[in-house]
Every structure is written in C-alpha cells, then in structure tokens.
Enquirer: 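Take this structure first; my questions come after.
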Amino acid sequence: MDNLLTVQRAQPAPPCTVVIFGASGDLAKRKLIPALYNLVACGQGMMPAKSAVLGFARREMSLDQFRQSAHDWTTRFSRLKVDEACWATFADGLDYLSGLDRADGFAKLKAKLEAIEKARGIPPNRVYYLATPPEAIGESVERLAQAGLINAPDAPNFSSVVVEKPIGHDLPSALETNRVLVKHLDESQIFRIDHYLGKETVQNLLVLRFSNNIFERLWGSRNVDHVQITVAEAEGVGTRAAFYDRAGALRDMVQNHILQTLSLLTMEAPVSLDATAIRDAKLNVLRTIRPITPEHARANTVRARYGAGVDADGKQVAGYMDEPGVPDNSRAETFVALKMYIDNWRWSGVPFFIRTGKRMKRRASSIYVQFKDVPQILFNRDSVIPANALTIRIQPDEGFSFDVMTKRPGLDLVLQPVRMNLSYRTAFGDGASPDGYERLLLDVMDGDHTLFPSAQFVEKSWELVQGISDLWSDGARVPMAEYPAGSWGPNEADELIRTAGRVWHEP
Ligand code: BG6
C-alpha cells in the first residue's frame, strides 16, 4: 500500500550547536553521539546543515582523542553502520572542551561557542544537553545564566536546555529541580526528556488509536477486560550501581517510562495534535489514577530483586547483591509489579497490571490489551474460548498482533485461536525505526515539545509513586521478594495477578 500521509513538521530547524554536558559519560557514548551521527548520516540528513556538536566535560582530552572515541562509540552503538565519508562530515562539526568543573569553564564555553559559530557561519542557536547526574542540573543552569549563555525566550536565536530523567528523586526534589529550571528559563526553553516517548512503537500508540476507527470504539471498560504493561530487561545493573541503587525500579522505570506509556495508551482524544493538547490529555489520565496509598500499595504491589541465575544466553550470572558497587545494606528493588486503576468513565473498573525488572528472561516490552469474553451462549457454551487480545510490541521485534478465534478448515467444526501479526521488520524493513534519541534531539532543535513530559506530569507522577515508596522505605513491613536471574520475576508477582483472576501474558 503506498497511500502515505505525512503530517508536516512546522518549519525546517535552523542550524545550531548541540552542547553535550558530560560528553564522556555513558549516555553520551551509547546514545547521544550515535543518535547525532545518525541524524547527520548521508541519506538521513535530518540535522540542519552546518550544525555543530560540542562535547563539554571535566576530563582533559584532545580534539583528536575525542573524535576517535566518538568514532569508536558510534561504531559500537549506532543504528546505522558508520560510513567513513559521512563520518568525516559529522566529525568536521564535532568539537570538545574540558573544564566543566572549573571556575572559568563557562566563560571558556562561551568563547568556544562563538568561535564555532563564526567558523561555521551559523547563528547562535544552542541546545544544552545536560547528560550529567541529576544533582548537577541546578548548578549547570545557574552557571549558563551567569555566563550570559541563555537568551530570552523571544530572542531571535534559541537557547534550549535538555534535562534527563529522573527529574528529582521524589516530589519535593522534583519541585526543587523544576523551580531551579524556571528561575532562569522559560518553559518553552526546557525539554525534559523521557526516551520512551521517542520510541517508534510508543509514538505509534496515538496513530493506532486515533487513525483507526475500530480500536478507539473498543477502548474502555465496556470491552476491555484488563491491560498488562511489561517492560522486561535481560541486562542486570551493569556498571550503574552507584545511580541505580539509589533509584530502584520504581523510580527508574515506573515513575517515568511506564506512566508515560500508560497515559498515551489510555488518554482521551486530544483536541488537536498540538503539544499542549496532547500533554493536557496525558496529564488528565494521571489525575484520575486511583491514588496508591501505602495501605493500597501493600495489597497491590510487589517488589523484588534478582538472585543468581542463568541469563538469556545461558550464562551463569550473579545476583544483584553481588554486582559490583552494590552496597551490603542495599534496599533497592530491581523488579516491580503493581495493579492499578484509572477512575474515569472510560476505564472504570479495568485493572492495569504493570511489571518491570532487570535480569528477566529476555528483553521484551509490550502492552497487552485483553478484551472481554464473548457471552457463553454459542460456541463457548461448554468450553472456554480464549478472549481476543491486542498485543503491542514496543521492543524488540516491534509490531503488534491481534488474537482472534477462527474455524480450522475441515469438515469438523474445530475452533482455533490464531494470531494476526504485523512486524515492523517485515512491513518496513530492518533498521527502519530511528532510535528514540534521534527523534527527540530533532524535536528539541525544532522546538517541538509534543514528546516531552511537562513539569506538571513529572510532579504528578512522583505524587503517584510516593505512597509505594513510603511503604517500601520501611523495609521491615514489606519483605523484598527474590527471583532468579533469567526468569519472568518472583512468584509473588504471579500471585498478584492470579488473585485478580488473570495470568501474565508472555510479552
Ligand atoms: C533508562 C533506565 O531510563 O532506561 C535504565 O535508567 C534502563 O535502567 C533503560 O535500562 C531502558 O531503556 P531501553 O530503551 O533499553 O528500554
């Protein structure tokens, strides 16, 4: 089918310089540099011509060393294979500055930016990407402002600041981070990033729901029995224990990625495709989620951490407590399961089951929408017919499938469940999906906030998980369950869904 419909981007973005704070860190290596390369790469060419990328970090490094490292990281992590001619174009606009932690660091940053802009003949449009620990956000913004590096929002050239999740550690710290941001920046200059919103399949939730008549008509308590969202990772904590052990799965995944996904899945139709309309519609979902008080959390949540086991490749792996950097008195969970309700007209009474964890059986994230059973009248009078279900596979093997009943061909009347399947790989080809960071970086350059969480959403989502973390912070009252690495999680999570009369669907 070549009946394509393009929803136009507003205006092609003007050239800019993207400054990556923390340019030698994990995020820059694995995600940002490869994503920027992909935006420049020949054939893609989405990044405005002549734009530059400036790495800004504490570490001393020559420009050659930085370019070489960037080449190595991109070779390892990029979606598109590195093409040396394209790399040369990209590397030409790649620069590096050390001294992020030094007193004169920001004065040097200013001089460096001016030199880059002069040499490339581009205007002073700047994107400051704070890929640094959350506690450094306030200081960086303060120093940018003091150095005169933030333009007024209505100035002809933009200054945009991108901040990574988590925004804060709880509601008070999120409020404080948002306060520091708006002290020096207008909301229109702030981009709070949640990379799940950049994933193709998450973006497709809106298209699936609002450009196909059949789904939206079925979407709600009249027809849906329950919904499951699973975000399973095969990897363990790796080298990130210093960060992860303070966060745990609830703060690392549920407060942000999962609540964002849930809101897109369940929101009302926005009044337009405008960023404010979509953000408002999402926020309204959060406002109607049944508050999870500590008492409610006790019966409706499970927390667990992985013990030793066998990973997806059949390799023996250590339990969380034996991972490098995990303190002996750790209280972090690596797995969360919970049951929640959205108390609005559309979703009243429909349970939502959420689970996410590290070191699970395999990497698989999906949304499973199970529809109500057909009446027990004709074919299923004496036996149970499996219900229809829509599974949206977020990653890997992106796509969706629909389980329906059919008559098996033959002279006997035999009913058989079949799966209608759309695989992105088959339909659109391998590597067709840009990485979430590519989409989101481009949106920052375009000044488009549609796929970025608002301050209110972030604050409301902290409020929602607060009851759970309050309960869990008292370790004596809620035991930490354990699951073997390489499994689908603890028995307690199975029990949680079983007592609600359902079972987990393999994602
Ligand atoms: C990050 C979390 O936000 O998302 C990580 O901090 C997690 O702990 C990662 O591994 C998962 O992202 P993805 O895109 O691999 O599903």
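In this text, all values refer to a predicted model and were calculated from it rather than measured experimentally. Both counts, for ligands and for their atoms, begin at 1 and track the order of listing.
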Enquirer: When you check the gap from the basic side-chain N to the acidic O, do Arg192 and Glu187 get nearer than 4.0 Å?
Expert: yes
Enquirer: Would you please determine whether Glu235 falls within less than 4.0 Å of ligand 1 on a heavy-atom basis?
Expert: no
Enquirer: Whether Glu142 and Lys183 form a salt bridge (side-chain N of Lys/Arg under 4.0 Å from carboxylate O of Asp/Glu) is what I want to check.
Expert: yes
Enquirer: Any salt bridge between Arg79 and Glu438, counting N to O under 4.0 Å?
Expert: yes
Enquirer: Output the list of atoms in ligand 1 that are nearer than 4.0 Å to some heavy atom of Gln395, sorted by atom number.
Expert: 13 (P), 16 (O)
Enquirer: Any idea which atoms of ligand 1 are less than 4.0 Å away from a heavy-atom of Lys165?
Expert: 1 (C), 2 (C), 3 (O), 6 (O)
Enquirer: Determine, for Phe457 and Lys460, whether the Lys NZ or Arg CZ falls below 6.0 Å from the six-membered ring centre while staying within 45 degrees of the axis.
Expert: no
Enquirer: Judged on heavy-atom distance to atom 13 (P) of ligand 1, which of Arg251, His195, Glu164, His257 sits nearest?
Expert: His195
Enquirer: Can you tell me which residue among Gln466, Gln456, Gln255 is in a side-chain hydrogen bond (donor to acceptor under 3.5 Å, both in side chains) with Ser461?
Expert: Gln255
Enquirer: Has Arg362 got more than 12 heavy atoms of other residues, nucleotides or ligands less than 6.0 Å from its CZ?
Expert: yes
Enquirer: Any idea which protein heavy atom is nearest atom 16 (O) of ligand 1, and the distance to it?
Expert: Tyr196 OH, 2.5 Å
Enquirer: Any Lys/Arg nitrogen of Lys31 or Asp26 sitting under 4.0 Å from an Asp/Glu carboxylate oxygen of the other?
Expert: no
Enquirer: Can you sort out which atoms of ligand 1 are near Arg363, meaning under 4.0 Å from one of its heavy atoms?
Expert: 15 (O)
Enquirer: Report, in ascending order of atom number, the atoms of ligand 1 lying under 4.0 Å from any heavy atom of Glu233.
Expert: 7 (C), 10 (O), 11 (C)
Enquirer: Taking only heavy atoms of Lys199, which atoms of ligand 1 are found under 4.0 Å from at least one of them?
Expert: 13 (P), 14 (O), 16 (O)
Enquirer: Only heavy atoms of Asp252, strictly under 4.0 Å: list the atoms of ligand 1 that pass.
Expert: 2 (C), 5 (C), 6 (O), 8 (O)
Enquirer: Taking only heavy atoms of Lys358 into account, list the atoms of ligand 1 that are under 4.0 Å away from them.
Expert: 5 (C), 7 (C), 8 (O), 10 (O)
